[in-house]
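I have placed the structure first, in the form of structure tokens, so that the comments after it can refer back to it.
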Amino acid sequence: MVPGDEDGRLMRTDLLTDPVDGLEEALAAVDAFDQVLVAGLLRPQPAQAAGLAALAHSVAGTPLASLVAEAADKASAGAAGEDHLVALAAARTALMGSVHDALTDRVADATGRPRAERSTRDAPADAPGVNVLAAARAWLCDLARAGWQGIDHELVAGAGPVVSAMLPDPLLRRQATLLDGFAAELAASCPGATLEHVPVRRWADLWTRALLLTLPGAARTPAPDTVTGRLLPLGVDVQEHATAVQAQVHAVLEPSDGSAPRLVRAAVSAPKPDTVVGAGLWQLLRPRMSLLGAAGEGRAVELDAMPVTAEGDLVWDDERARTGDIADPFATARVILSTATDPVTAPLDRHPAGIAVPVLVEGYTAERDDDGPLTFTVAGHRLTVDTERVPAASPLTPEAVAASGACLGLLRWDAGEFVLQPLAVETTVRKKTVAVHAGAWAGGTTDKLGARAEKAATDSVAVLRERAGKLLRK
């Protein structure tokens with residue numbers, strides 16, 4: 001049991017370690033289908049037929065049953081068309097969605113927080129790029145037939161013209177970005193026949209999502225609503241890749257109309273050159289969103305008619321935000337977090353990897369086995385702490401997490417268990433309680449280590465901008 005706020009509400013950490021009914025069976029069916037995609041569906045073998053049958057059996061009794069059963073039969077005979085592959089992708093997505101729902105229900109039971117209701121607003125009826133989406137769907141179906149072991153540069157290069165045709169249309173940018181990144185991963189692994197390790201789950205996730213997003217209307221979302229009120233940042237999650245970086249601020253919104261507080265997010269991303277690392281990442285992100293500065297300084301932000309999606313994502317506009325008073329994230333978590341409404345998840349986004357629920361954990365004992373992960377033991381229940389997600393661009397370190405007495409973080413699902421990703425901790429330094437935040441350098445820093453990293457990044461960014469300017473002038 002973990003104290004959750006000043007009113008004595010508790011988080012049931014024991015529920016996070018209890019088994020979830022049907023979870024292993026659903027994931028086993030997903031794994032069976034994912035193995036089918038490794039060798040491809042051009043000439044299916046008996047093992048692949050068994051995997052397809054397992055997927056069909058897992059959705060028996062659902063509205064998908066007949067479609068998926070027919071698709072599995074056709075695929076087992078090597079005669080699957082686009083509609084059949086779409087049906088298989090839909091079944092896999094439904095299974096992953098059911099896993100997501102079961103896990104988020106368990107988290108809701110553990111935290112006791114209310115869940116927001118899904119918006120009933122209609123989505124725009126626009127259906128852009130029907131032809132180019134059909135071309136993308138054809139390429140993805142060719143991938144499934146070849147399988148990951150059958151990919152080569154010629155097949156993967158087929159995504160290039162499709163992505164180029166999508167990118168100019170803002171309504172297709174989401175699909176284009178996904179296809180481009182997926183194709184880049186595949187290209188880096190060609191030829192598939194020589195691969196020593198295949199990222200089976202990841203590539204199946206990307207293929208399934210990309211295929212369903214090529215269906216007309218699949219990417220439609222209701223028009224954003226607007227919110228006015230006080231935004232209280234909890235922490236910043238930094239996600240860094242080889243060519244891009246994103247910072248996502250998790251926060252509690254107190255609406256000015258007096259309605260219940262709600263959990264929201266605001267994200268900003270930017271392209272990242274290889275030479276910009278560590279604290280230099282903030283120089284790429286900071287100019288794009290003023291919220292980072294407020295989060296780094298521990299301040300609230302006053303919002304005025306800020307657009308927000310049904311899933312709780314703020315469509316950030318600096319013109320609609322004003323930095324407010326000091327707002328300690330730990331005080332926010334102790335007083336308000338337990339009563340804040342959890343956002344809903346869009347249907348196609350329902351996947352266990354997307355679970356990231358803000359929680360406050362206190363009263364634990366930190367332990368680390370030899371060569372094992374750090375764990376927090378609370379009332380006899382162990383919770384694994386994912387210190388590898390702590391960004392290098394922050395003063396928060398695994399050592400500070402291990403020495404902490406309170407942790408504000410994101411509850412995630414990874415490798416078959418709930419894990420805690422630290423966003424901030426309270427630790428004792430010279431008999432004083434000190435808070436250390438992953439986003440402390442987001443708005444700038446006077447910390448010696450951070451300042452040195454910022455200086456090195458400034459030099460790198462300046463050189464890159466000068467070179468880019470010369471190229472543009474040519």
Side-chain angles (χ1 to χ4, degrees), residues 2-4 11 13 16-17 103 107 110-111 202 233-242 245-250 265 267 272 277-282 285 292 295-296 298 329-330 333 337 352-429 433-442 445 447-450 453:
V2 185
M11 186 175 80
T13 52
L16 301 179
T17 57
L103 294 174
V107 172
T111 63
R202 175 173 173 79
L234 294 169
V236 185
D237 176 24
V238 180
Q239 300 164 16
E240 182 182 355
H241 298 278
V245 61
Q246 174 178 272
Q248 188 175 58
V249 180
H250 292 261
R265 303 172 293 257
K272 185 189 78 68
V277 296
L281 300 177
W282 299 116
L285 298 168
L292 291 178
F330 280 94
L337 182 57
I355 296 174
V357 181
V359 294
L360 174 65
V361 183
E362 299 181 283
Y364 51 79
T365 301
E367 301 174 288
R368 187 190 295 276
D369 298 330
D370 293 340
D371 299 324
L374 177 68
T375 61
F376 290 163
T377 301
V378 189
H381 300 282
R382 292 164 68 95
L383 181 62
T384 300
V385 183
D386 189 356
T387 54
E388 292 186 3
R389 286 184 180 264
V390 174
S394 83
L396 185 62
T397 63
E399 291 74 22
V401 176
S404 66
C407 181
L408 185 54
L410 297 176
L411 200 59
R412 293 186 177 275
W413 177 261
D414 186 36
E417 65 175 344
F418 284 105
V419 300
L420 182 68
Q421 173 192 344
L423 296 180
V425 298
E426 282 186 340
T427 187
T428 302
V429 178
T433 300
V434 177
V436 186
H437 297 265
W441 296 346
T445 178
D447 179 277
K448 290 183 179 179
L449 179 61

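One is the number of the first residue; the rest follow in order along the sequence. What you see is a predicted model, and the numbers here were worked out from it, not measured in a lab.
- Between D386 and P422, the closest heavy-atom pair is O-CD, 3.6 Å.
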Pair L383-V378, side chain to side chain contact (heavy atoms under 4.5 Å, CB included): steps then yes or no: CA-CA 8 Å; L383 181 62; V378 189; 5.7 Å; no
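- Of the possible polar contacts, one joining the W282 side chain to the A393 backbone as a donor-acceptor pair under 3.5 Å is found.
- Pairing each heavy atom of A366 with each of L374, the nearest pair is CB-CD1, 4.2 Å.
- For the pair V401/L396, a side-chain contact is recorded, criterion being any heavy-atom separation below 4.5 Å from C-beta on.
- Atom CG of residue L408 and atom CD of residue Q421 lie 11.0 Å apart, to the nearest 0.5 angstrom.
- Heavy atoms only, all atoms of each residue included: C407 and L420 are closest at SG-CD2, 3.8 Å.
- Here D237 pairs with R412 in a salt bridge; the nearest charged N to carboxylate O distance falls below 4.0 Å.
- Relative ring orientation between W413 and F418 is described as perpendicular, the plane-to-plane angle rising above 60° on a 0-90° scale split at 30° and 60°.
- Shown here for L337 and P358, the closest heavy-atom pair between the two residues is CD2-O, 3.9 Å.
- Of the inter-residue distances, the one linking L281 atom CG with W441 atom CH2 reads 11.0 Å to the nearest 0.5 angstrom.
- Closest non-hydrogen pair, D414 versus V419, comes out as CB-CG2, 4.1 Å.
- Of all non-hydrogen atoms in L423 and G235, the two that sit nearest each other are CD1-CA, 4.0 Å.
- Here the side chains of L411 and L16 are in contact, with some heavy-atom distance below 4.5 Å.
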T375 vs Y364, side-chain hydrogen bond (donor to acceptor under 3.5 Å, both in side chains): CA-CA, chis, key distance, verdict: CA-CA 9 Å; T375 61; Y364 51 79; over 6 Å; no
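- No more than 12 heavy atoms of other residues, nucleotides or ligands sit less than 6.0 Å from atom CZ of R202.
- V249 places a side-chain heavy atom less than 4.5 Å from the side chain of L292.
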